[in-house]
Amino acid sequence: MNESTLRRALLVIAILGLAGGIGAWRTGLGPLDADMIWTVATLPVVAALAVSILRDFWIGRFGVDAIALVSMSAALLLGQPLAAIVVAIMYAGGTVLEDFARGRAERNLKALTDRSPRVAHRESAHGTERISVEEVVVGDTLLVRAGELLPVDGILLDASASLDESAVTGEPLPEPRTAGDMLRSGTVNAGETFSMRASALAEESTYAAIVRMVAAAQTAKSPFIRMADRFALFLLPATLLVSGAAWYVSGDPVRALAVLVVATPCPLILAAPVAFIGGVSRAARAGILMKGSAALEALAQVRTAIFDKTGTLTIGGAELIEIEVAPGRDANHLLRLLASLEQASHHVLADSIMRTARGRQLVLSHPRDVREYRGAGLKGRVENMAIAAGSRAFALTDRPLPDWAKSGEEKYRDEPVLRVFVALDGRLAGVFTFGDAMRADAHDTLANLRSAGITRLVLLTGDDGAAAKRVSSMLDLDAVVADAIPADKVAMVEAEKARAPTMMVGDGINDAPALAAATVGVAMGARGATASSEAADVIVLADRLEPVAEAVRIARRTRAIALQSIVVGLALSGVAMAAAAMGQIAPVAGALLQEGIDVAVILNALRALGDGRLGRA
C-alpha cells in the first residue's frame, strides 16, 4: 500500500468511526460504546502518525505534525475520545488535501514528462523502420509524420514544415519552418510529413533537458520552505507552554487540550511548498522552466536586471532592417527578385533574404547564369532580367550614387550594418540594409520589469561602444557597459549583486559564467540546450523576451501567496489558541475551527496555479 492510499484509508476509518460512535450514542447503546468506537478509530491514525514522526526524526526532519500526535494522545488520556476522533479526521483529511493540492500543482509538470518522445522512424536503404529514440544516432535521416512528436533535435531537410511548439515554448499557434532550420524534440508536426537529420542524441536533445529540469523543480526546496520547516521546531514548545499555562491558571486539563487541538496546523506549513510548486507549474505553462522552488523564490526578490545584447535584447542575426527603392520601383517585387537570385548563393545573408521573402508570401523564381564573386556579390538572370547584388562598388561599378540613395548612406554611415546594393539591367534599383535588429518586445519587456519592481536595468555586452549606444538609445536603461569579455561580465555581475539581488539574462556560451555568478541566471534557450541553459536557474523556451518579465511576475505573486498563507494561517491559529486558553473554545469545536483554517490556507496557496489577472486563466 503506497503512502497516498494509506492516508485515504486512515481518513475513511476516522470518518466511519465518528459516524459509528454518533450512531451508537443516538441509539442509546451507552456512552461507553460510543467512546470505545471513537477510541478504536483514532488509534490507527495515532500509530501511523507516530511512525511517520519517528521516521522523519531519524533523517533529521521535524514538523508540526507532532502537535497533532500530542493532542490526540492527550484527548484519549483525558477521556475526550470525541475530540480525539475529530482531530484524527482533521489530520488525516489534511494529508489527503495535501496530496490533492500537490497533485493539482504538479499536473502541468507531469504532463511534460509524460509526453516525452519514445519512438522514431528512421529512413534507410531498406525503407523506413520504427525504432526507440535511444537508438537514434547523430546523422540519421528521420521521417516525422503528421501529428507525431519530434524524437530528437535535428535539421529540417524538406522545403517547409509547420510545428506546434506549445508544449515547449508556450506559443499557441503553429510555427512555420524552412529547410535548414533547427528543430527541437518534443514539438509536434502540425503539418504534412517531413524529413529531418538528427543533430543530437535523445538524452542530449532539448526535451530531455526539459525533463531533467522538471525533475529538479519537483524536488528542490526553496529557502522560504526550509524556513517554514525550521519554524516547526519552535511551534511545539510554544504550544505546550501556552497549554500548560492554561491548565495551571484554570486548573482544567480540558482547557489545555483545547489549546493543543487548535494549535494543530497539520497542512499549514505545507502551504509554502504547494504554492511554490504551483508557481513553477504556472511558469512551465508559459514556456518558462524554473530549476526548482529555490530559483523561483530568488527570482521573486531580484531588484536589478542585467541584459546581454546580441540574441537577448536583439534578435542575434542579420535581419532586414530597411529597403530603399528607386522611384517607380516596388519593394516587394525587388525583394522577390533578390531572394530568387540568392537561392544560388552561399553567402551568410542568403538565408535571411529568402526567409524574409517567404515570410511575405512571395513566390520565388528560378535564377539562371548565376556567378558569384567572392567578397563582392553575385550576378545572374531572373525572369529575363539581369540582376547584380552586392557591395556598392560591385553594383554601381563606376557610376555615381543616385540622389535617392544618398540619405540612406548618410544614415547608416557609422552603424554596424550590412548594405546590399541591387541593380537591375545595369541601373541601381534598391538598397537593402541588414543588421542585428532590436527584438520587437524589448521595450515593453523592460517597462513590464519596472512595473514588476525591478529598479535597475543594465546593458552588458561584448560589442563595441557604438553598437551598445545604438541599442541603449532605443531603451530605458540605467547603465551601459560595452567591450566586456566574459571575465568583465562576471565582475560586473558580482558588483551589481553586492548592491541588490541581481538577475543576468543572456543566450550565448560566453554568457554562462555571468549567468552562474548572478543571483538568478535567466537563459534565452530557444536555440537549444547550450552551456548558458545549463548554467542558468531559469530558462525561457520561446524565442521572445517578454517571458522574462512574466517569469518575474509569476515568481513575485507566488512568493506573496506563500507568505500570505503562512502568516494569515498562523495568525488565525494564534487567535484561536488564545481563545481556547481562556475557555472560549471547547476541544471538538477547536478541532473543527483549525481544520477550516488549514483548508483555507491550502486553497489560497493553490491560487499560485492561476494567472492572477482578471479574466485570464
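Position 1 is the first residue of the sequence, and the numbers go up from there.
No donor-acceptor pair under 3.5 Å is formed between the side chain of R118 and the backbone N or O of V133. With hydrogens and angles disregarded, a donor-acceptor distance shorter than 3.5 Å links the side chain of R399 to the backbone of G426. At least one donor-acceptor pair under 3.5 Å links the side chain of N189 to the backbone N or O of G191. At least one donor-acceptor pair under 3.5 Å links the side chain of Q343 to the backbone N or O of S340. Formation of a donor-acceptor pair under 3.5 Å by the T519 side chain with backbone atoms of T502 is found in this model. For the pair R130 (side chain) and H121 (backbone), a donor-acceptor distance under 3.5 Å is absent. Of the possible polar contacts, one joining the K497 side chain to the A517 backbone as a donor-acceptor pair under 3.5 Å is found.
L157 contributes atom CG, which lies 8.5 Å from atom CE of M196 (distance to the nearest 0.5 angstrom). A distance of 10.5 Å separates CG in L341 from CE in M354, rounded to the nearest 0.5 Å. Distance CD1/I288 to CG/L541: 9.0 Å, rounded to 0.5 Å. Residue L338 holds its CG atom at 10.0 Å from CG of L364, rounded to the nearest 0.5 Å. Taking CG of D164 as the reference point, atom CG of L150 lies at 11.0 Å (rounded to 0.5 Å). Taken to the nearest 0.5 Å, the CG atom of L609 stands 11.0 Å off from the CD1 atom of I554.
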After noting the C-alpha distance and the side-chain angles of M503 and V538, does the key distance pass the side chain to side chain contact (heavy atoms under 4.5 Å, CB included) rule? CA-CA 10 Å; M503 73 172 176; V538 178; over 6 Å; no
Go through the steps for L545 and F307 under the test side chain to side chain contact (heavy atoms under 4.5 Å, CB included), then give the verdict. CA-CA 11 Å; L545 194 60; F307 291 88; 4.2 Å; yes
Given S407 and E410, is the side chain to side chain contact (heavy atoms under 4.5 Å, CB included) satisfied, shown in steps? CA-CA 5 Å; S407 61; E410 187 63 30; 5.8 Å; no
Is there a salt bridge (charged side-chain N to carboxylate O under 4.0 Å, His left out) between D308 and K489? Walk through the geometry before answering. CA-CA 9 Å; D308 176 47; K489 290 187 176 184; 3.3 Å; yes
Going through the distances and angles, do V420 and F394 end up as a side chain to side chain contact (heavy atoms under 4.5 Å, CB included)? CA-CA 10 Å; V420 176; F394 180 78; over 6 Å; no
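At least one side-chain heavy atom of L428 sits under 4.5 Å from a side-chain heavy atom of L401. By the 4.5 Å heavy-atom criterion applied to side chains, R450 and L457 are counted as neighbours. The shortest distance between side-chain heavy atoms of E204 and V152 does not fall below 4.5 Å. Side-chain contact between V458 and M492 is present, with heavy atoms from C-beta onward closer than 4.5 Å. Using a 4.5 Å heavy-atom threshold, the side chains of E372 and S345 count as touching. Residues D425 and R427 fail the side-chain proximity criterion, which asks for heavy atoms closer than 4.5 Å. Side-chain contact between E409 and K406: absent, with no pair of heavy atoms (C-beta onward) separated by less than 4.5 Å. Here the side chains of V505 and M524 are in contact, with some heavy-atom distance below 4.5 Å.
With no hydrogens or angles considered, a side-chain donor-acceptor pair links S365 and E383 at under 3.5 Å. E129 and S124 form no side-chain donor-acceptor contact under 3.5 Å, judged by distance and modelled atom types alone.
The two atoms that bring R556 and A300 nearest to each other are NE-O, 2.9 Å, heavy atoms only. Of all heavy-atom pairs between S352 and L320, the closest is OG-N, 4.4 Å. Minimum heavy-atom separation, S195 to L156: O-CD1, 3.6 Å. Among all heavy-atom pairs drawn from A339 and I353, the shortest one is CA-CG2, 3.7 Å. Between R381 and A386, the shortest heavy-atom contact is NH1-CB, 3.7 Å. The two residues V480 and L477 make their nearest non-hydrogen contact at CG2-CD1, 4.3 Å.
For S199, the side chain to side chain contact (heavy atoms under 4.5 Å, CB included) test picks out D153, M182, with sequence neighbours left out. Take Y412 and apply the ring-ring contact (aromatic ring centres under 6.0 Å, His included) test, not counting sequence neighbours, and it matches no residue. In this view, K469 satisfies the side-chain hydrogen bond (donor to acceptor under 3.5 Å, both in side chains) rule with no residue, not counting sequence neighbours.
Residue pairs meeting the salt bridge (charged side-chain N to carboxylate O under 4.0 Å, His left out) criterion with at least one partner in residues 189-199, sequence neighbours excluded, do not occur; the list is empty. For the salt bridge (charged side-chain N to carboxylate O under 4.0 Å, His left out) condition, the pairs that include at least one residue of residues 321-331, sequence neighbours left out, are E322-K411, E324-R419. Residue pairs meeting the salt bridge (charged side-chain N to carboxylate O under 4.0 Å, His left out) criterion with at least one member in residues 141-151: none, sequence neighbours excluded.
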